[in-house]
Amino acid sequence: MATLLGMMHSAPSSSLTLKGHILYSLLVCLRESHRARTVFRKVGGFVYVMSVLVSMEGCLMSGTPQPPWDSISLSQILGLLHTVFNTITVAMRFEPGNARFFHQEICSTSLCDTLRLLGCFSPLTKLEENEEVVTSAREENTFHNLFTGNVLEPSLPEHIPTELSYACLVLRMLYDVALDSYDKPNSSTVVSFKSPSHKRNMETQKSLESPCSGRRVNTLNLTPPVPDPIVVHPGVVIAILHLLPSIQHSSQTQLTLTLQLYAAEVVKSLVRCERNQQLMCEVGLPGQLLAVGEVPLEDETHPLHPPLQYMLERLATQSLEPKDLREFLRLGSPLCCQAMDSILHHPSRRPGGSVPLTRVKTLVSMTTPRSQTNIPLPPFVEMDMSAEGFGCMYLPSVAPQSVVFDTLTAPDLGVVGGMGSGDRIFPPQTGLSFSSWICVERFSDPRTDPHCVRLLTLVRNLHSAKDDHLICLAVVLSARDKAVIVTTQETPLSHTGADWEPDVQGSSVSCARIWCPDLLQEGTWHHLVLVLNRAVLKNSSFSLYMDGQHVHSQKLHYISQNPGGGAANLTVASSVYGFIGTPPIWRRNSRLIWKQGPCHLLEEVLSPHIVTTIYQLGPNYIGSLQAPQLNFMEVLPPLVTEEKVVFGLNAKAVTQVTLSKIRKIYSRADNKSIAKQFSGLHFHVVGEGVVRLRSQRQERVYDRENYIDFRLRLLGEPGQGPVLLSPGIHSFPFKLGLPLGLPSTFLGKHGWVQYFCKAALREPNGLTHKNQQVFIVMNPIDLNLEPTILAQPFRCEIEHKLGVSCVNSGPVVCRVSLDRGGYVPGETIGITAVVSNQSKVTIKATKAALTETIQYKARGKVLQSETRELASLSRGKIRPGETDEWTNEQLYVPPLPPTNLRGCHLIKIQYDVYFIIDPKSFEKEVKLQLPIMMATYPLRGTEGTLRRKQGTHYPSTLPIFRPWLEEKTFQ
């Protein structure tokens with residue numbers, strides 16, 4: 001990918017065909033692979049693609065085109081621009097990291113400046129005063145047809161300057177990037193102007209221009225309303241706003257103003273819905289409006305004043321920084337409220353005047369609640385099923401459980417899942433209650449797209465070989481009649497589908513259906529409380545409360561104490577996890593939109609009085625029911641004891657986390673549970689060094705270090721539904737480059753360096769198929785690249801006196817030399833030695849031995865060292881006064897596993913040649929240690945030929961294991 005991007009960057013400006021082919025090949029890769037999109041960002045793909053726009057400088061200038069654009073057709077230029085924006089959009093799809101990088105590094109810095117280089121935009125950055133105060137509705141309709149038409153083959157109006165037409169087409173491409181509309185055939189390209197004032201102005205001007213203005217025709221519109229567009233990349237919307245002042249033409253000022261007004265209406269259409277308003281406030285659109293449109297916002301007669309003021313008014317109802325509010329109030333400096341810095345920079349400007357009436361109306365509109373009640377909206381999470389067909393909050397550990405093992409095998413307690421310490425019994429002994437605030441904005445159609453509202457789904461799973469997931473509690477709003485359905489019957493998760501709802505007729509004792517007509521009203525917040533009461537001597541019961549009032553009670557079986565109804569097994573832990581909303585396994589596109597407000601799951605059977613109190617607290621209460629306060633009165637005592645609160649959720653504070661942060665925050669069991677939600681084929685490459693042994697105090701010591709931790713998704717995309725594979729064998733080829741400097745594979749007695757790859761195929765029903773394969777890494781050592789001293793002879797000399805301290809019988813002088821200091825398996829070590837026995841003690845034997853020493857380290861200390869003999873040569877006795885000479889004796893180096901452990905800090909391997917003198921008396925052996933290097937590639941001559949000695953036999957393969965590890969160590 002980096003090679004293709006570099007080739008595209010270095011290509012000439014006129015090579016549009018080559019750049020188009022490269023971008024198209026990148027598009028194919030980016031559409032199919034999550035890994036490709038990640039690599040695209042890491043190799044600087046966004047910068048390379050933006051360099052294509054830089055190379056197209058002047059391609060859309062009006063008048064006579066400059067070389068090389070005079071020989072290139074307009075369709076080629078627009079096609080390349082379309083492909084550039086398509087590549088950027090696909091690279092950000094389903095990739096929050098890529099979208100964040102593009103917003104911070106491209107949108108906020110250089111996108112607008114790069115687009116101005118095309119030639120259809122001027123360098124102006126702020127809207128100025130305009131003499132034209134009237135725009136043409138007919139020309140606005142012309143721009144609308146150009147904006148919503150075919151971008152690749154546009155029909156340019158002859159009476160409109162090409163510079164303005166090109167600007168309109170570029171704005172349309174940016175519009176598609178902001179809405180993530182590329183490669184989506186069902187995406188809407190219609191821009192609906194829902195503003196009554198704008199419609200009224202257009203109709204007035206049309207009536208003035210129409211010759212039949214006196215005739216009035218009543219028509220019946222049966223077409224459904226166009227849905228509001230959903231902004232995906234808000235930074236691109238800000239870029240469109242910054243390009244408004246750059247729409248200029250020196251002679252056609254009315255057309256310029258008309259296009260500016262149309263572009264402002266396009267941006268205005270993107271901030272109507274509440275979701276888009278929140279997104280645009282997060283990226284600072286109010287401040288950008290005040291910076292770009294200071295003049296139109298100040299002048300009430302400016303044609304751009306209504307759309308800009310409308311946007312600022314709607315955004316201010318969501319969020320407005322104090323600095324932006326002060327800037328808005330100071331527009332035109334009424335009542336001499338001019339900032340000191342502006343007085344210093346513009347001393348000639350005189351502040352003063354009254355506050356405009358429209359500004360006062362805007363302030364009133366900003367502070368007026370949009371809803372019918374005066375209560376502000378509570379924090380909520382919106383579940384929109386129209387975009388991807390699913391949306392949920394996942395709770396990995398609702399009830400962390402501990403497993404008590406046999407004290408003879410494992411005396412520790414293991415807690416499965418959860419954060420902190422301790423466990424939680426599930427189901428609770430006395431009963432449980434679930435309190436939730438919900439608001440359904442739009443129900444699904446039970447005939448065309450039935451989709452129930454899943455308020456709570458609890459699933460249990462035994463941590464055993466059998467991977468069964470059982471739904472033990474489900475609370476839904478039926479898609480058919482909007483009734484509340486509650487079930488405690490255990491249902492295998494694998495037996496459910498997208499249209500699954502609890503079956504009331506199949507089991508009346510474990511399922512209940514309650515129809516609440518008040519829930520049919522859309523756009524209203526309701527408070528639901530589900531209470532399950534467990535009884536021992538009589539039947540368990542269930543109660544439903546709505547908006548603080550008791551609605552229904554009936555007999556209902558309690559949640560089964562043991563999963564699957566079997567006998568209790570304390571040695572097998574079970575995990576309990578839950579969903580609020582629709583998980584990906586039940587994905588189904590629908591028009592359903594609902595909001596989840598604060599909710600609590602409690603290990604307590606709530607009384608009607610407490611339910612009423614919780615309802616009176618309202619949906620804006622986000623506490624844990626420990627010190628509630630009603631209507632600013634005195635603080636009430638705790639409604640529920642703190643340890644009885646299983647969880648409490650609210651959207652007041654939301655943090656965006658990555659997969660790496662999830663691994664650091666959650667426990668290992670929760671990490672596995674979260675990872676199982678991403679169905680598909682996952683690939684994990686691990687390289688690790690491990691040391692495991694006992695210290696001198698017989699304490700277990702463990703240390704570990706990582707060399708590779710690489711994860712790859714080969715099938716499936718995050719945030720999408722399951723992938724269907726046809727029956728048969730499927731192959732997923734891929735390439736993975738290993739980093740340089742890895743230590744070689746090593747298998748020892750107390751530690752190892754090992755590399756392996758793991759694959760996990762996760763099915764939507766929760767079943768996971770795993771496989772693991774070990775691979776060998778050999779990091780070679782080339783003697784030709786090592787210091788030249790290893791190719792030179794190596795000498796050592798010692799003089800040792802034999803005898804006891806009081807009786808000295810004389811010294812033994814030994815001189816030993818090796819032909820060089822580095823070898824490879826299969827070569828021979830040339831040993832030359834002279835042993836002069838000048839003592840009165842007979843030397844029993846002399847010996848040369850090749851040894852391997854393995855040191856195991858843990859926590860920075862050497863805890864174990866083992867030395868073993870690999871090969872040896874020996875000679876006979878040397879009597880007093882005699883001398884023995886070794887003349888180039890050859891010690892063969894046997895085949896050895898790769899021994900390059902450079903980069904490993906836990907295990908060290910050293911090779912030595914020991915020359916040993918064994919006296920006949922009670923004297924200890926005399927040892928001369930000569931360290932050598934064991935390499936992989938032998939020395940070569942100046943011509944590149946091998947320096948093969950006599951007796952050298954290079955092995956065809958090298959072993960992996962060390963069979964001599966179980967032998968007795970070298971003393």
Side-chain angles (χ1 to χ4, degrees), residues 781 783-784 786-803 808-855 862 865-894 896 899-900 908-921 923-935 938-939 947 949-952 969-971:
I781 300 178
L783 288 177
N784 302 279
E786 299 296 325
T788 56
I789 192 174
L790 294 177
Q792 301 174 5
F794 183 41
R795 298 178 178 85
C796 183
E797 180 178 345
I798 189 175
E799 180 177 334
H800 183 75
K801 295 181 179 180
L802 299 178
N808 191 356
S809 62
V812 174
V813 180
C814 179
R815 300 181 182 87
V816 181
S817 65
L818 306 180
D819 55 349
R820 60 176 187 264
Y823 302 89
V824 299
E827 291 185 336
T828 56
I829 304 175
I831 304 176
T832 300
V834 177
V835 182
S836 178
N837 187 3
Q838 301 176 11
S839 66
K840 298 179 181 179
V841 178
T842 301
I843 297 176
K844 186 167 47 177
T846 56
K847 179 181 178 182
L850 173 63
T851 62
E852 179 187 64
T853 302
I854 305 175
Q855 292 181 347
V862 178
S865 182
E866 302 173 347
T867 302
R868 289 178 175 83
E869 182 179 305
L870 303 179
S872 63
L873 291 174
S874 59
R875 290 282 193 96
K877 62 176 63 177
I878 305 176
R879 291 183 171 83
E882 293 183 355
T883 300
D884 186 25
E885 294 186 4
W886 292 46
T887 305
N888 199 21
E889 298 289 340
Q890 300 298 314
L891 178 63
Y892 181 70
V893 180
L896 298 173
T899 57
N900 184 6
K908 180 182 178 182
I909 301 179
Q910 180 179 337
Y911 292 92
D912 301 281
V913 174
Y914 279 93
F915 194 85
I916 306 170
I917 301 174
D918 186 11
K920 197 172 184 179
S921 62
E923 292 280 344
K924 293 184 178 180
E925 294 179 340
V926 180
K927 296 181 180 179
L928 278 76
Q929 182 180 2
L930 293 87
I932 61 174
M933 172 179 284
M934 201 60 62
L939 289 171
R947 299 182 183 178
K949 299 191 305 181
Q950 184 179 0
T952 298
T969 58
F970 178 79
Q971 301 295 332

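Position 1 is the first residue of the sequence; numbering continues from there.
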Original post:
Taking it one step at a time, do Ser872 and Leu850 satisfy side-chain contact (heavy atoms from CB on, under 4.5 Å)?
Top reply: CA-CA 6 Å; Ser872 63; Leu850 173 63; over 6 Å; no
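- The minimum heavy-atom distance between Val841 and Pro919, with the atom names listed, is CG1-CB, 4.4 Å.
- Under the 4.5 Å side-chain criterion, counting only non-hydrogen atoms from C-beta, Thr828 is not in contact with Leu891.
- Atoms OG1 and CZ, from Thr853 and Arg868 in turn, are 10.0 Å apart once rounded to the nearest 0.5 Å.
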Subject >> Intermediate values then yes/no, side-chain contact (heavy atoms from CB on, under 4.5 Å), Ile909 and Glu852 >> reply: CA-CA 7 Å; Ile909 301 179; Glu852 179 187 64; 4.0 Å; yes
**OP:** I would like to know whether Met933 and Glu786 meet side-chain contact (heavy atoms from CB on, under 4.5 Å); could you show each step before the answer?
**Re:** CA-CA 10 Å; Met933 172 179 284; Glu786 299 296 325; 4.0 Å; yes
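- Interatomic distance, His800 NE2 to Lys924 NZ, rounded to the nearest 0.5 Å: 10.0 Å.
- The structure places CD1 of Ile843 at 12.0 Å from NZ of Lys877, a figure rounded to the nearest 0.5 Å.
- Here the OG-CD distance, from Ser836 to Glu799, works out to 9.5 Å after rounding to the nearest 0.5 Å.
- By the 4.5 Å heavy-atom criterion applied to side chains, Cys814 and Ile798 are counted as neighbours.
- Looking at Val835, Ile917, Val812 one by one, the single match for side chain to side chain contact (heavy atoms under 4.5 Å, CB included) with Val926 turns out to be Ile917.
- Between Asn837 and Thr883 the shortest side-chain heavy-atom distance does not fall below 4.5 Å.
- Pairing each heavy atom of Pro825 with each of Ala935, the nearest pair is CD-O, 3.4 Å.
- For the pair Ile932 and Leu818, the tightest heavy-atom approach, listed with the atom from each and the gap, is CG2-CD1, 3.7 Å.
- Checked for salt-bridge contact, Arg815 and Glu797 meet the test: a charged N lies under 4.0 Å from a carboxylate O.
- Here the shortest heavy-atom pairing between Leu870 and Pro894 reads O-CG, 4.1 Å.
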**OP:** Take Arg875 and Glu889 through the test salt bridge (Lys or Arg N to Asp or Glu O under 4.0 Å) and record every step on the way to the result.
**Re:** CA-CA 11 Å; Arg875 290 282 193 96; Glu889 298 289 340; 2.9 Å; yes
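- Of the listed residues (Val816, Ile916, Val913), just one forms a side chain to side chain contact (heavy atoms under 4.5 Å, CB included) with Leu928, and that residue is Val816.
- Between Pro931 and Phe794 there is a side-chain heavy-atom pair separated by less than 4.5 Å.
- Scanning all heavy atoms of the two residues, the minimum distance from Gly810 to Ser839 falls at O-CB, 3.3 Å.
- Note that CG of Asp918 and CD1 of Ile878 are 11.0 Å apart. Values are rounded to the nearest 0.5 Å.
- Annotation: side chain of Arg820 is in contact with side chain of Glu827 (closest heavy-atom distance under 4.5 Å).
- One side chain, Asn888 or Gln890, offers a donor N or O that lies under 3.5 Å from an acceptor on the other.
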Original post:
Please walk me through it: do Val813 and Gln838 pass side-chain contact (heavy atoms from CB on, under 4.5 Å)?
Top reply: CA-CA 8 Å; Val813 180; Gln838 301 176 11; 4.2 Å; yes
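- A donor and an acceptor atom, one from each side chain of Asp912 and Gln929, are located under 3.5 Å apart.
- Classification of Lys847 and Glu925 as a salt-bridged pair fails, no side-chain N sitting under 4.0 Å from a carboxylate O.
- Here the side chains of Trp886 and Phe915 are in contact, with some heavy-atom distance below 4.5 Å.
- Here the side chains of Tyr911 and Thr851 are not in contact, with every heavy-atom distance at 4.5 Å or above.
- Atoms CD1 and CG, from Ile781 and Asn900 in turn, are 3.5 Å apart once rounded to the nearest 0.5 Å.
- Considering all non-hydrogen atoms of both residues, Thr842 and Arg879 come closest at CG2-CA, 4.2 Å.
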